[in-house]
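Heavy atoms only: backbone and side chains are in, while hydrogens, waters and symmetry mates are out. None of the values given here were measured: they were computed from a predicted structure.
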Amino acid sequence: MRPAFLGQAPKQLFIDGKWVQPASGETFETVNPSNGQVIARIAAGGTQDINDAVAAARRAFEGSWSRFTPYERQGVILKLAELIDRDFDELSLLDSMDMGAPLSRLRGPGRKRALGRLRFYAGLATTIIGHTIENSASREMLTYTVREPIGVIGAIIPWNAPLTSALWKIGPALAAGCTVVLKPAEQASLSCLRLAELCMEAGIPAGVVNVVTGLGESAGAALTQHLDVDKIAFTGSHLVGQKIIQASVGNLKRVTLELGGKSPDIVFADADLDKAVPGAAMGVFGNTGQVCCAGTRLFVERSIYDEFIERVANFGNSLVVGDGLDPKTQIGPVVSQEQLDRVLSYIQIGLDEGATTIAGGARLTEEGLSSGYFLPPTIFGNVRDDMRVAREEIFGPVVCAIPFDTIDEVERRANATQFGLGSGVWTRDVTKVHRLAKTIKAGSVWVNCYNVMDPAVPFGGYKLSGYGREGGVEHVDEYLNTKSVWVNYA
Ligand code: NAI
Ligand code: MG
């Protein structure tokens, strides 16, 4: 099942429409987390390669790409969607091998998400409009605004959904008329490299989409510091987000940040529990918990707490954990040895702080799983709000189950976090729905559902979860400047 893409001459960095060697000549391994085996060696891009890619992106921005009309940009984005659809089996195989997500999940909802996004941005390419403004400065002065692409975009993405994350940056950038240097996560670069080839095949000119693989502290940092990059669009941890803001000061480049969370998912006793059990469980265990908006603080009304958590535990225990490529698998491995160690250390921290495991809690090492990085769905009980496991993003299949008594109490505790990305409310009571939809400080509130996404609906954070919105008609605004033109015709 090895994709053809991996069998050809090793693909390195994609700069100005060509495959090039990294200036350093260095490479690093990418590993399949389902079995610990090395899949391929990836080029370790550095400052020189970033400089080359940014220069190519600048030339394309001012040259070939600037001559594309909105309809022509729409045309190539739609063509790219068509090619991704054609090659989705290969792209999803690359992602599944590289970061462990179940192939079945990638090919079902993942495919719909990826293609939907691109087609949505293709539509937006032709909707970019300015205004004419009546001004009081003079009766004989026409004022109008023009929306211009902001220029060269540095896109830095994580490993938890490589292809869809890349499209969430490239789609709006292309719709707006910007050019891109994409720095994939070092754990999962393969589908982004294949995507670069598809961009060329779609008729997107050389230099418009460049892909520089490499480590965060070298390739990533060089991109964020580059004085000719106009904007960084980042998804990842808040600690790196903070570094990016610091690195942006040299040219005050724009920054949008889609960061992590510690999202509350609140279940009231009057909820439809048959829906809430799987909804809350998959809201945190889906993608092995490696989801920025995972509902990791599960608040359950005390009168149903024991029953509800037992049902979530049973549901979690029934999920098939295994190799991403196995069609039966529902939960794949965590992405890397490093991430496994990190999640296990959080489990130990929770136990040391006095929490108890209601389900899971230890690495899975049985037949077929021992060489991969597998963890079972894990539920912590006896959690206090001040524990680290209740405050910090773990990014694994670990949930804190927390009882509550009143809506006032749960409202306060849900918001007592540095983050504000996702949130969930399960109830049949419309009063509770509207009250919490208003008072929860998070970018998304899901009511009687969790982690539903659509390209037309904005997504993003409050507080340490970052700023800027991805998705929605306003997403393209994040890639545009407004120019005001004053014409004195007196
Ligand atoms: P990370 O935030 O370090 O990496 C994300 C991306 O940023 C990668 O492409 C990486 O190469 C790049 N990067 C790292 N350091 C950089 C720097 N100094 N300058 C520019 N780019 C840099 O995330 P990591 O280390 O993979 O995971 C650590 C934790 O971060 C996770 O356990 C999780 O808590 C959180 N995280 C959150 C994500 C989200 O979707 N909100 C995604 C990935 C991680
Ligand atoms: Mg990998």
Side-chain angles (χ1 to χ4, degrees), residues 102 105 109 160 260-321 330-331 343 350 355-361 375-383 385 389-391 393-405 407 409-411 413-415 417 419-429 432-433 436-437 440 442-453 459:
R105 185 176 157 275
N160 52 338
K262 197 73 191 176
S263 299
D265 197 5
I266 303 169
V267 184
F268 287 94
D270 64 22
D272 180 344
L273 301 189
D274 292 340
K275 293 205 174 79
V277 168
M282 291 314 285
V284 66
F285 302 137
N287 211 35
T288 325
Q290 302 168 125
V291 176
C292 50
C293 54
T296 47
R297 290 184 298 146
L298 182 56
F299 290 99
V300 183
E301 195 165 351
R302 196 177 302 276
S303 60
I304 58 159
Y305 178 85
D306 288 336
E307 177 205 342
F308 189 79
I309 296 304
E310 191 186 334
R311 288 180 65 181
V312 172
N314 291 339
F315 186 92
N317 290 335
S318 76
L319 292 168
V320 179
V321 180
Q330 293 168 291
I331 303 289
V343 178
T356 48
T357 47
I358 297 170
L375 284 167
T378 294
I379 304 175
F380 269 129
N382 279 330
V383 177
D385 294 2
V389 290
R391 289 186 289 117
E393 183 174 51
I394 300 175
F395 228 59
V398 182
V399 64
C400 292
I402 308 169
F404 71 90
D405 292 298
I407 186 168
E409 173 203 340
V410 78
E411 178 180 278
R413 293 171 74 189
N415 281 331
T417 165
F419 297 103
L421 194 57
S423 61
V425 179
W426 300 84
T427 177
R428 288 185 167 104
D429 180 344
K432 291 179 189 135
V433 168
L436 290 172
I440 287 179
S444 297
V445 183
W446 285 289
V447 179
N448 297 326
C449 58
Y450 202 87
N451 196 13
V452 187
M453 297 270 209
F459 179 83

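Expressed to the nearest 0.5 Å, how far SG of Cys400 lies from NZ of Lys262 amounts to 5.0 Å. The distance from the CD1 atom of Ile331 to the OG1 atom of Thr288 is 5.5 Å, given to the nearest 0.5 Å. Between the CG atom in Asn382 and the CZ atom in Phe380 there is a gap of 11.0 Å [rounded to 0.5 Å].
Aromatic rings from Phe299 and Tyr305 are positioned such that their centres are separated by 6.0 Å or more.
Taking all atoms of both residues into account, the shortest heavy-atom contact from Cys293 to Trp446 is SG-CH2, 3.8 Å. Nearest approach of Gly361 to Thr357, heavy atoms of both residues: CA-CG2, 4.1 Å. Summarising the geometry of Asp385 relative to Arg391, their closest heavy-atom pair is O-CG, 3.4 Å, with the distance given to 0.1 Å. Between Ala401 and Ile379, the shortest heavy-atom distance links the atoms CB-CG2, 3.9 Å. Between Phe395 and Val343, the shortest heavy-atom distance links the atoms O-CG2, 3.9 Å. In terms of heavy-atom proximity, Phe308 sits nearest to Ala280 at CZ-CB, 4.3 Å.
Side chain of Glu393 to main chain of Gly261: a donor-acceptor pair is present (N/O by atom type, distance under 3.5 Å, no hydrogens or angles). In this structure, the side chain of Gln330 does not engage the main chain of Leu319 through any donor-acceptor pair within 3.5 Å. A distance-only check finds no donor-acceptor pair linking the side chain of Ser444 to the backbone of Ser423 [under 3.5 Å]. The main-chain N or O of Gly316 is never found under 3.5 Å from a side-chain atom of Ser318 such that the two would form a donor-acceptor pair.
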Please lay out, stage by stage, how Leu436 and Glu411 fare under the test side-chain contact (heavy atoms from CB on, under 4.5 Å). CA-CA 7 Å; Leu436 290 172; Glu411 178 180 278; 3.9 Å; yes
Determine, step by step, whether Arg105 and Asn287 satisfy the side chain to side chain donor-acceptor pair (under 3.5 Å) criterion, reporting the C-alpha distance in whole Å, the side-chain angles of both residues, the deciding distance to 0.1 Å, and the verdict.
CA-CA 9 Å; Arg105 185 176 157 275; Asn287 211 35; 3.3 Å; yes
*What do the steps show when you test Ile358 against Glu310 for side-chain contact (heavy atoms from CB on, under 4.5 Å), and what is the final call?*
CA-CA 8 Å; Ile358 297 170; Glu310 191 186 334; over 6 Å; no
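Side-chain contact check for Phe315 versus Pro377: every heavy-atom pair is 4.5 Å or farther apart. Proximity of Asn451 to Met282: side-chain heavy atoms (C-beta onward) are nowhere separated by under 4.5 Å. Within the 4.5 Å cutoff, no side-chain heavy atoms of Ile402 are placed close to those of Val300. Residues Val425 and Phe268 meet the side-chain proximity criterion, which asks for heavy atoms closer than 4.5 Å. Between Leu421 and Phe459, the closest side-chain pair of non-hydrogen atoms falls below 4.5 Å. Contact annotation: the side chain of Ile266 approaches that of Ile440 to within less than 4.5 Å [non-hydrogen atoms, C-beta and beyond]. In this structure, Ile309 and Leu298 have side chains that are in contact, with non-hydrogen atoms separated by less than 4.5 Å. Taking 4.5 Å as the limit, every side-chain heavy atom of Ser263 sits out of range of all side-chain heavy atoms of Phe419.
Partners of Asp429 under the salt bridge (charged side-chain N to carboxylate O under 4.0 Å, His left out) rule, at least two apart in sequence or in another chain, are Lys432. In this structure, Glu301 has no salt bridge (charged side-chain N to carboxylate O under 4.0 Å, His left out) partners at least two apart in sequence or on a different chain.
Salt-bridge annotation for Arg311 and Asp306: absent, with no side-chain N of the basic residue lying under 4.0 Å from a carboxylate O of the acidic one. Salt bridge present: Arg302 and Asp405 bring a charged side-chain N and a carboxylate O closer than 4.0 Å.
The one candidate from Asp265, Val389, Val284 that meets the side-chain contact (heavy atoms from CB on, under 4.5 Å) condition with Val399 is Val284.
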